[in-house]
Structure formats: C-alpha cells, structure tokens
Amino acid sequence: MSNTKQIHKPLIILLLSFSFCSGYAQTGGNHDFKFLTLTNSARSAALGSYWLPIKDGDVNNTLFNPSLINSDVHHSFAMNYINDFGGINYGYAIYSHTFDKVGSFAASMQFLNYGTMKEADVAGNTYGDFSANELSANIGWGRELTPHWSIGANLKFAYSSMYADYNAFGLGVDVAGSYFNAEKRLTVSLVANNIGYVLEPYSQSEDSNRWFPFAMSLGVSQRLEHIPLRYVLIYNNIEKWDLRGNSQPTTTIDPITGETTTKKNIDKFGDNLMRHLTFGAEFTIAKVINLRGGYNYGRRQELKTETRKGMMGFSWGLGLNFKRFSIDYGRSMYHLAGSPNYFTFSANIDRLIAKRSPRAPKSYDEKD
C-alpha cells in the first residue's frame with residue numbers, strides 16, 4: 001500500500017503541473033527566447049519534430065523530454081551542430097549521470113550564434129561591430145516510478161544578447177511524463193515545454209510578450225515486432241486549437257471561371273487538425289544503419305509558396321551506429337532558398353574506455 005501511495009503522489013503532482021501550464025502559459029504573439037523551440041538533434045530533425053517520445057538509450061531525446069532521463073543514458077553524452085540560414089550556427093551539448101536512490105540527471109548547454117554585425121545609428125554612422133547570441137543552461141532530472149511509468153523535469157536558465165548592449169534573462173522549466181510497454185515496444189509521452197518568464201527584458205518599456213514560447217505535446221512511438229521499423233506520431237500544441245490564423249484564406253477563386261468558392265467547415269477542421277500532427281518513421285538495417293523520414297504538415301502550410309511548393313515540410317536523415325559511438329545526419333526542408341543541416345555525435349563513456357558496463361546504455365528494444 002505504501003509503494004502505491006509513493007507512486008500516485010508524483011503522478012498527481014505531474015498532472016497538476018500540466019493543468020497549471022495549460023491554464024497560465026501564454027500562447028500566440030511575440031515571445032523572447034524563441035530559440036528554445038528549435039530542433040537540436042539530427043534524429044529529431046529527420047523525423048520531423050523538435051522532440052521525440054522514444055526510449056532507447058538516446059540521450060538526445062531527453063533535452064525536451066526529461067521523463068526519458070534514466071539509468072539507460074548513464075554516462076552518455078552528445079554534441080550537436082546545426083548549420084542554419086545566413087551563416088547562423090547553433091547547437092548543444094548534453095551529459096547524463098545516474099545517482100542511486102536519487103534519480104538520473106542531465107546537464108546541457110544550448111547556444112545560438114547570429115554572427116557579427118555592424119552597429120550603426122539611423123543616420124548611417126557606424127560604431128564598430130557587435131555580436132548577437134543566445135544561450136541556455138539546463139539541468140534535467142528524471143525518475144522511473146515503475147517499469148512502465150516515469151516523470152522528469154528540466155530547469156532552464158536562458159540568456160540573450162541580441163542588440164549590442166541590450167541583454168535579457170529568463171527562467172523556465174519543462175515537465176514530462178512517459179509510459180512504456182516493453183512487450184509492445186511502445187512509448188507514450190506527454191511534455192510541457194518552456195514554462196517560463198523573462199525576468200530581465202531587453203528594455204523595461206518593451207511591450208512584447210514576456211512569457212516563454214510554451215507548448216504542450218503528446219507523442220507516441222512504436223517499433224514493429226516483425227519489421228525493423230519504428231513509427232512516430234506527435235500531436236503538438238495541445239494548448240491551442242486554432243493554428244491557421246487569420247491570414248489563411250477562407251475562399252478560393254477558380255482560375256478558369258472566376259467563381260468564388262467558400263471552404264467548408266469540415267475542410268477547415270481537417271486543415272487545422274493536420275497542422276498539429278507530425279509523422280516520422282525509422283527503418284533499421286542490421287542494427288547499424290538507420291534510415292529516417294518525416295512529414296510536418298503545419299510547417300509545409302506555413303512555409304510553402306503558391307507558385308512552387310517544393311519539399312517544404314518533409315525531412316530525412318541517416319544514422320550510423322558503431323560499436324562505441326553513433327553519428328547522425330538530418331535535413332529538414334524549410335524553404336526553397338535552403339534548409340538547415342543537422343549533425344550529431346553521441347557516445348557513452350563506459351563504451352569508449354572499456355567494455356560495456358552494467359550501466360552502459362542498452363536499447364529499449366533489446367530488453368524485449
């Protein structure tokens with residue numbers, strides 16, 4: 001009976017946290033620290049999302065889903081680099097360690113560098129160069145309540161230096177809960193990301209939204225039993241139904257007859273629903289090569305052009321699993337002008353320096 005109470009209490013606290021998030025976090029408008037929503041790993045980018053509900057010893061998945069911080073990622077670390085548009089570079093590094101009877105922790109650092117720019121006034125007078133960048137130092141904690149349930153949270157310290165001498169500082173958290181079924185190779189996660197507030201804005205007189213860019217999402221992943229294929233389905237932005245915005249046309253004009261047709265409510269509903277969904281699949285060859293692909297309908301609708309839609313919203317990638325480390329590449333199609341490239345290096349210290357230890361990461365699929 002006592003063990004049941006110990007399990008129920010953290011679950012109740014987690015559910016109350018999610019309720020608080022949906023009730024008080026602000027959506028829409030302009031937010032500072034938007035870089036906290038960027039995809040940071042090649043695997044996530046290839047599968048079309050910024051976070052993943054996959055429990056398989058990949059420490060990269062814990063950055064946005066702290067309920068996956070557990071002993072499987074003990075002594076694991078990863079480094080990620082993203083080559084973005086216009087010479088912008090960003091990435092992160094993460095390391096995890098498990099302490100007996102306390103839980104598992106993960107420390108990470110995210111960065112975004114906009115490069116060097118000229119400082120000038122309205123008259124065109126220059127005053128030298130300045131750099132713009134954003135940083136976030138994160139401490140995550142996770143704990144397995146039972147073989148099927150786990151919870152976790154991240155604490156974020158975000159700093160931004162965007163406009164020469166203007167800086168901003170904010171504090172935020174992520175909370176998450178996950179369900180695992182080893183027999184069915186199934187993982188289900190509920191995450192609430194970027195519950196935070198800008199404590200020190202760029203200017204005390206600014207009228208921008210000082211809340212972090214909050215989002216709540218539900219994701220499921222499952223590796224099929226007889227085929228080395230894993231699917232991922234994610235429902236993003238639970239806290240906000242209407243993602244179409246007022247800029248979306250409600251009528252269409254026939255180019256031949258010139259007649260105006262009003263979109264049906266069922267079409268609007270379907271379009272809005274699809275904007276919440278992200279689809280991904282990962283096919284493994286001989287446990288060494290991972291072929292990945294994803295589709296983000298909402299991203300495609302927001303970034304496509306009417307004259308040439310291209311492959312916006314689609315993503316793909318490749319993962320190579322060596323004996324002591326893994327290398328991943330991902331590419332996500334954002335615009336005809338170009339798309340960011342994602343590179344990830346992951347390893348486990350125990351595997352690098354010695355034979356596999358009892359706590360070295362072991363694939364969730366291997367436990368079945």
Side-chain angles (χ1 to χ4, degrees), residues 39 41-62 64-65 67-73 76 78 144-150 176-191 217-236 273-274 276-297 311 313-332 342 344 346-348 351 356 358-368:
T39 303
S41 75
R43 189 183 189 187
S44 297
L47 293 174
S49 179
Y50 72 93
W51 75 281
L52 294 174
I54 299 177
K55 181 182 185 294
D56 65 351
D58 185 354
V59 70
N60 293 287
N61 296 341
T62 67
F64 293 104
N65 188 356
S67 62
L68 300 181
I69 304 175
N70 51 50
S71 59
D72 292 345
V73 294
S76 293
E144 292 185 329
L145 305 177
T146 73
H148 296 289
W149 295 94
S150 70
S178 289
Y179 166 79
F180 315 112
N181 189 316
E183 182 179 353
K184 296 182 178 180
R185 297 179 169 90
L186 176 71
T187 304
V188 181
S189 295
L190 178 65
V191 301
S217 305
L218 177 67
V220 57
S221 71
Q222 185 177 31
R223 183 179 170 110
L224 303 184
E225 184 176 359
H226 301 293
I227 305 174
L229 177 69
R230 173 186 279 111
Y231 72 83
V232 179
L233 175 61
I234 297 175
Y235 185 96
N236 294 299
L273 175 63
M274 288 296 295
H276 287 269
L277 299 177
T278 300
F279 307 89
E282 182 179 65
F283 185 78
T284 303
I285 302 175
K287 297 184 179 181
V288 177
I289 301 175
N290 294 310
L291 303 178
R292 302 171 179 131
Y295 178 61
N296 189 316
Y297 175 86
M311 294 294 292
F314 289 90
S315 55
W316 60 274
L318 174 69
L320 300 176
N321 302 314
F322 300 97
K323 184 177 181 180
R324 298 181 182 274
F325 60 89
S326 299
I327 298 177
D328 298 278
Y329 169 78
R331 185 172 176 85
S332 185
Y342 298 77
T344 300
S346 306
N348 180 268
R351 286 182 175 177
R356 184 170 179 165
R359 270 188 169 176
K362 186 179 182 181
S363 172
Y364 183 48
D365 302 318
E366 294 176 14
K367 297 179 180 179
D368 303 344

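- In this structure Tyr295 satisfies the ring pair (Phe, Tyr, Trp, His ring centres under 6.0 Å) test together with Phe314, sequence neighbours excluded.
- Between the Ser49 side chain and the Leu52 main chain, no donor and acceptor come within less than 3.5 Å of each other.
- For Ser217, the side-chain hydrogen bond (donor to acceptor under 3.5 Å, both in side chains) test picks out Asn236, with sequence neighbours left out.
- Remark: Phe283 engages no residue in a ring pair (Phe, Tyr, Trp, His ring centres under 6.0 Å) (not counting sequence neighbours).
- By the 4.5 Å heavy-atom criterion applied to side chains, Val220 and Leu233 are counted as neighbours.
- For Phe64, the ring pair (Phe, Tyr, Trp, His ring centres under 6.0 Å) test picks out Tyr50, with sequence neighbours left out.
- Under the rule for a side-chain hydrogen bond (donor to acceptor under 3.5 Å, both in side chains), Thr39 has no partner lying at least two apart in sequence or in another chain.
- In this structure, Phe322 and Arg324 have side chains that are not in contact, with every pair of non-hydrogen atoms separated by 4.5 Å or more.
- Interatomic distance, Ile327 CD1 to Thr344 OG1, rounded to the nearest 0.5 Å: 10.0 Å.
- Side-chain contact between Asp328 and Arg292 is present, with at least one heavy-atom pair separated by less than 4.5 Å.
- Residues satisfying the side-chain hydrogen bond (donor to acceptor under 3.5 Å, both in side chains) criterion with Asn61, sequence neighbours excluded, are absent altogether.
- A donor-acceptor pair under 3.5 Å is absent between the side-chain atoms of Ser67 and the main chain of Ser150, judged by distance alone.
- Proximity of Glu282 to Val232: side-chain heavy atoms (C-beta onward) are nowhere separated by under 4.5 Å.
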- Task: Apply salt bridge (charged side-chain N to carboxylate O under 4.0 Å, His left out) to Asp56 and Arg223, showing your working.
- Result: CA-CA 11 Å; Asp56 65 351; Arg223 183 179 170 110; over 6 Å; no
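- Screening Asn60, Thr278, Val191 for a side-chain contact (heavy atoms from CB on, under 4.5 Å) with Trp51, the sole residue that qualifies is Val191.
- Formation of a donor-acceptor pair under 3.5 Å by the Ser221 side chain with backbone atoms of Pro53 is found in this model.
- Leu47 is listed as a side-chain neighbour of Ile54, based on a closest heavy-atom distance under 4.5 Å.
- A heavy-atom distance below 4.5 Å is found between the side chains of Leu277 and Tyr235.
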